[in-house]
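One structure is given below, encoded as C-alpha cells.
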Amino acid sequence: MKVLGIAMRNVRRQRRRALLLGGAVAVSFCAMTLMEGLTGGMARSLRANVEAGYVGELYVSGEEWREGGSPVKRLRSGGPALRTIEAAGLPVEAVVPKSGAEAQIVYGGRSARASVAGISWEGGRSAIGSPALATGSLDAMAAEDGIVLPAAVAERLGVVAGETVLVKASTVTGQANVAEFTVAATTAAKDGGELFQAAYARIEAVNELIDLPREGAQQLNVFLEGEPDLEAAAGRLLSALQSAGEAVVSREPKAAAGDGDDEDSGLPGGKGGPLAALFGGGESGEAWTGTRYSVATLDDYASQFLSILATIKAVSVVVFLALLSISAAGIVNTFRMILIERTREIGAMRAMGMRARDVERLFVLEALVISVLGSLAGLAAAAATMGLASLPRFGSGQFALFLSGGRLAFAASPASILAYLALVAGVSALAARGPARGAARLKPVDALRS
Amino acid sequence: MKHLSAILLAALVAAAPAPAAAQEKPDFAKVLSLVDSRSSFPDADFSAVVRLVSEDPERGRSEDKVALFRRDSMDAFLMLALEPANKKGQGTLLVEDNLWFYDPTSRKFTHTSLKDNYGESAAKNSDFRSSSKAEDYEVASYAEATLGKYECWVVDLKARRDDVTYPFMRLWVSKGEYLQLKAEEYSLGKRLLRTSLYPSYAKIGNKYVATRAIFQDALVAGKRTELLMGEISVKPLSDEMFTKGYLEKVGR
C-alpha cells in the first residue's frame, strides 16, 4: 500500500506527462468501447428488427408433395409440428402460425408488389409489436379484412388508412385469386430492404386468399426466451421431427449443383431463408410422402449482416491493438526517461531501505495507475459519446435495419470491457517492466553519485 | 400466308361448311380441342415478329418488339427481345417445362413462370405458348351470343386441376371456324382479372394465328397491351434455338 501511495504521488507530481500518456490510453480505450458498443448495439437492433419483421426466431415450414408433381407449402392442421415444438424442450415463449403470399396490391390505376404475411391478431395486437405508423391505427386490424401496408407500398399506391385495396395472389396450388382488404394502417417510412416491405393481414383472410383452411398455416414461427443458440435449437427441432418419422430438409449446406447459372430466389436468406420457405423459392428436390418440414432461423437472414458487423469489430480490435502498441511504446520511452530523471531519487530511496523489488513494483504501479485511469476516462468519454449519439433519429434506408426505433443503440458487453481493461493494464505493466527492472538493478551508491 | 381482316374473317365464317351439329349443340370437349388445334403447329416450327404496345396508367405508353420462335411438338418457345434498345438480347425460353429468363447484361438465367406477365405488359408469358384449353378446362355451361357481327358460342370453363392459373374462364368461340374471339379470365373468387380480344387472324395452311390481340387488365384500370404479330413463318428452325446456349450466344 505504501508503494501504491508513492506511485500515486509520483503520477500527481508529473501531471502533464501522466495526462499525455493517460490521454493516449484513453483515446484507444474510448475508440474500442465505442466500436464494441456500436457493433453490439447494431447486432442487437438487427436481431430485434428481423425478429419483429419475420415474426419470431425459428420458422418451421411444411411442404406437401402433390400428385401433379409439385410441392404445396402448407402445414397439416393438428400435424406433428406444434407437438414437436412443444416437446423439443426449447425455451419457447410463443408459437405464432403464419401464412403468406407474394401479392400484387392494386389501388385505382396503380399497383405494387409486396409480400403479404398473415398472422394472428387479438384486436389490434399481434406479434409484430407496435411499428411506427403514418396513417391509421392497429386497432382497425380487429376487422377481418384489415391490412397494414408498408410505407413504400402505401406511397406508391397513394393510399391511406380506411381505403380499400385489391390484393391479387396465387393460391398454394398456383391459381390466381383476388381479395379486397381495407387499409387499417400504413407504416412510417422505413426502408430496411424486404424486411420492412411486407404487408400484414389477419391469417384467416390470407388463408382464404391463398385457399387454405381458415385455421390453417404455412409456417409456425417460434419466439424463444433469452438468446439461445438458434442453430442448435433448429437442429433439435429437426431431429425431433425426424424421430417422429417425418421427412425433413437438412440444414447442412448443399454442394453446388447444376451449371450454376440459375440465380437463387432473390429472397432474404437465399433458398433456405425464412421468406423463401414461406413465399416460395425453397428447394423442392425429390418427391416425398406426407409433409416435409424445414426449419429456418433468424440468423439465416441476419447472418450476412452479422458477419459484416463481426468484420467491423475485428478491424476495430486490430486498430485498438495498434493504438495500444503505440501507447506501450510511449510507456517504455516515458519510463526510461523517468528512470534517468529519478536516478538520484531511486538511490535515496534504496539508501533509506527500499527494496529493489519495491522499486520495480513502484514503476509498474505508476504505469498501471496511468493506464487504468486513462482507460476509465476513455470509458467515461465513450459512455458520453454513446449517450449523445443515441439521441438523433436517422432517416430511412438500408441502415434502418441496424437502428432501434430509428436511433442508434449501443450495447457494450461488460465482460468485453473488463477484458479490454485487463489487456490495457497488462500491456502497460509489461511495457513499464523493462525500465522498472533497470531501476531496480540500480546500486544505491551509483545512483546517488549520478 | 394470308392475312384476314375482321371482315374477311366474317366472310370466311359465313362461307365455311359448318359441322353438322355445330349450329345446335356441339360437343364442347371437341370444340376446345379444335380451338387449341386451330392455333397449334405440332408438325412445323413457327416464328414471327411480335410488337407489344402497352398502355399503363403509371408508366404511360411503351412498345416492345420481340422475335418469337415456337416448336409446339416439344412445347418449347423462345422470345428474343429486339426493342427497346435497353432490353435487346433479353430472352425468355421455355424448354423441358422450365421457363428461363436470360439477361445479357448480367449473363444470368433466372427461373420465371408462365403465369407471370411479359415485362410490364398485360400479356402473360403463357400467351406465347401453344393453347392447351382442352387439357386444362372442362365446359361448365354454354350459351349462344353475337360478338360484333359474329355468331359465337359463349362457353364457361372450369379448370380441371387446381394448378391452372385461372380457375374459371369464359370463352367466345366463333361458330363454324372455332376461333377464339374473346376470353375473360376469372380468379378463384370469380372476379374478372383480364379480358382478351382476338379481332384479327391470319390463315397459315389450315391453321390460324391471331395477328392482333388485346389484353385488358381488369384490376388495374387503363392497363392494356395490344399484340401485333407479323413476319409469320413456318420454316424449320434450328434445334440450337431452343437451348440456353443459343440465348447466351445471341446475347453476346
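Chain letters run A, B, ... following the sequence lines, proteins first, then strands; residues in each count from 1.
- Only the side chain of B/R59 comes within contact range of chain A, with heavy atoms under 4.5 Å apart.
- Listed for the B/D162 side chain is no donor-acceptor partner under 3.5 Å among the backbone atoms of A/Q175.
- Between chain B and the residues A/A179, A/S170, A/G109, the most heavy-atom pairs under 4.5 angstrom are made by A/G109.
- A/F181 meets the ring-ring contact (aromatic ring centres under 6.0 Å, His included) test with no other residue; sequence neighbours excluded.
- The contact between A/V178 and chain B is made by backbone and side chain atoms together, counting heavy-atom distances below 4.5 Å.
- Between B/D217 and B/R194, none of the side-chain N atoms (NZ, or NE/NH1/NH2) sits under 4.0 Å from a carboxylate O, so this pair counts as no salt bridge.
- B/W153 and B/Y142 have perpendicular rings, their planes meeting at more than 60° on a 0 to 90° scale where under 30° would count as parallel.
- Using a 4.5 Å cut-off between heavy atoms, B/L219 touches chain A through backbone and side chain atoms alike.
- With a threshold of 4.5 angstrom between heavy atoms, A/S111 approaches chain B through its backbone and through its side chain.
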Task: Steps toward side chain to side chain contact (heavy atoms under 4.5 Å, CB included) verdict (B/Q180, B/R38) - done: CA-CA 9 Å; B/Q180 176 181 313; B/R38 280 282 192 261; over 6 Å; no

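- Heavy atoms of A/Q104 lying under 4.5 Å from chain B belong exclusively to its side chain.
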